[in-house]
Amino acid sequence: MAAEITEPFDGGGPLNIALLCFIAYRAMEDRVLRDLAAAGFDDITQAQARVFARIGPKGTRITELAEHARVTKQTAGFLVDQLERAGYVRRDPDPTDARARLVVIAERGLAVVEVARRTEAAVQAEWTAHLGRRATAQLEQTLTRLREIADPYR
């Protein structure tokens, strides 16, 4: 007999908006990681993926990655070291500060981004099919408005 899975902290009542958003985020993240593994990128951990996903198109400093991923600088550095050894990222000189380095997505990492984007589009299409276009558009508009007060990294 399988154990019943319950959500933590629900208090038996309706789930709050933040937890509902997290559940959707977690579902997307799990699907992306599963598809990456199926595409041969089975050495990326969830923690590495969360740091990797925050690398900007022109590169990002470790301190920014740590802040955005909400981990210590040491943890971010450790995860970037692992990603670098696996060939997903590289460290380049920061053109704005000779003492600093930028974490940049390497060629192998670009292949990961391509798989992840395809999965994200597929999941979004499935969710749209489930909710309907109108409800999906309203949800996107509402969450975009909420981001105005909830996202310190906008």
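Keep in mind that what you see is a predicted model, and the values were worked out from it rather than measured.
The two residues Arg70 and Pro152 have their closest heavy-atom pair at NH2-CG, 4.4 Å.
We find that Arg26 and Glu29 are not joined by a salt bridge, their nearest charged nitrogen and carboxylate oxygen being 4.0 Å or further apart. Remark: Arg91 engages Asp81 in a salt bridge, criterion side-chain N to carboxylate O under 4.0 Å.
How far CG of Leu146 is from CG of Leu139: 10.5 Å, rounded to the nearest 0.5 Å. Note that CD of Gln141 and OG1 of Thr136 are 11.0 Å apart. Values are rounded to the nearest 0.5 Å. Once rounded to the nearest 0.5 Å, the distance linking CD of Gln138 with CG of Leu131 reads 10.5 Å. The structure places CD1 of Ile55 at 11.5 Å from CD of Glu64, a figure rounded to the nearest 0.5 Å. Distance CG/Leu15 to CD1/Ile23: 5.0 Å, rounded to 0.5 Å. Note that CZ of Phe41 and CG of Leu36 are 7.0 Å apart. Values are rounded to the nearest 0.5 Å.
With sequence neighbours excluded, no residue forms a side chain to side chain contact (heavy atoms under 4.5 Å, CB included) with Ala125.
When each of Thr60, Val80, Val51, Leu79 is paired with Val89, the side-chain contact (heavy atoms from CB on, under 4.5 Å) condition holds for Val80 and for no other.
Leu65 and Val71 sit in two unconnected hydrophobic clusters of ILVMFWY residues. Membership requires side-chain heavy atoms under 4.5 Å apart, directly or through other members. Tyr25 and Leu19 fall within the same hydrophobic cluster, where Ile, Leu, Val, Met, Phe, Trp and Tyr residues are linked whenever their side-chain heavy atoms come under 4.5 Å apart, directly or through other members.
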Worked verdict on Arg117 versus Glu120 for side-chain contact (heavy atoms from CB on, under 4.5 Å): CA-CA 5 Å; Arg117 294 294 175 258; Glu120 290 165 357; 3.0 Å; yes

task: Kindly determine whether Ile44 and Phe52 satisfy side-chain contact (heavy atoms from CB on, under 4.5 Å), including the steps that lead there.
output: CA-CA 10 Å; Ile44 298 176; Phe52 182 88; 6.0 Å; no

task: Show your reasoning for whether side-chain contact (heavy atoms from CB on, under 4.5 Å) applies to Asp30 and Gln46.
output: CA-CA 8 Å; Asp30 288 348; Gln46 187 177 57; 4.1 Å; yes

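The main-chain N or O of Gly87 is never found under 3.5 Å from a side-chain atom of Arg108 such that the two would form a donor-acceptor pair. Using a distance-only test at 3.5 Å, with no hydrogens or angles considered, no donor-acceptor pair links the side chain of Arg31 to the main chain of Thr119.
Membership of the apolar cluster around Val104 extends to Leu102, as traced through chained side-chain contacts below 4.5 Å between ILVMFWY residues.
No side-chain heavy atom of Arg101 sits less than 4.5 Å from a side-chain heavy atom of Ile62. Between Arg85 and Asp43 there is no side-chain heavy-atom pair separated by less than 4.5 Å. Side-chain contact check for Trp127 versus Met28: some heavy-atom pair is nearer than 4.5 Å. Considering only heavy atoms from C-beta on, Gln82 comes within 4.5 Å of Phe78 through its side chain.
In this structure, Ile17 places its CD1 atom where only 12 or fewer heavy-atom neighbours from other residues, nucleotides or ligands lie under 6.0 Å away. Residue-environment remark: CD (Gln124) stays at or below the threshold of 12 foreign heavy atoms within 6.0 Å. Counting heavy atoms of neighbouring residues, nucleotides and ligands inside a 6.0 Å radius, atom CD of Glu148 exceeds 12 of them.
Residues in residues 131-147 take part in these salt bridge (Lys or Arg N to Asp or Glu O under 4.0 Å) pairs, two or more places apart or across chains: Arg147-Asp151.
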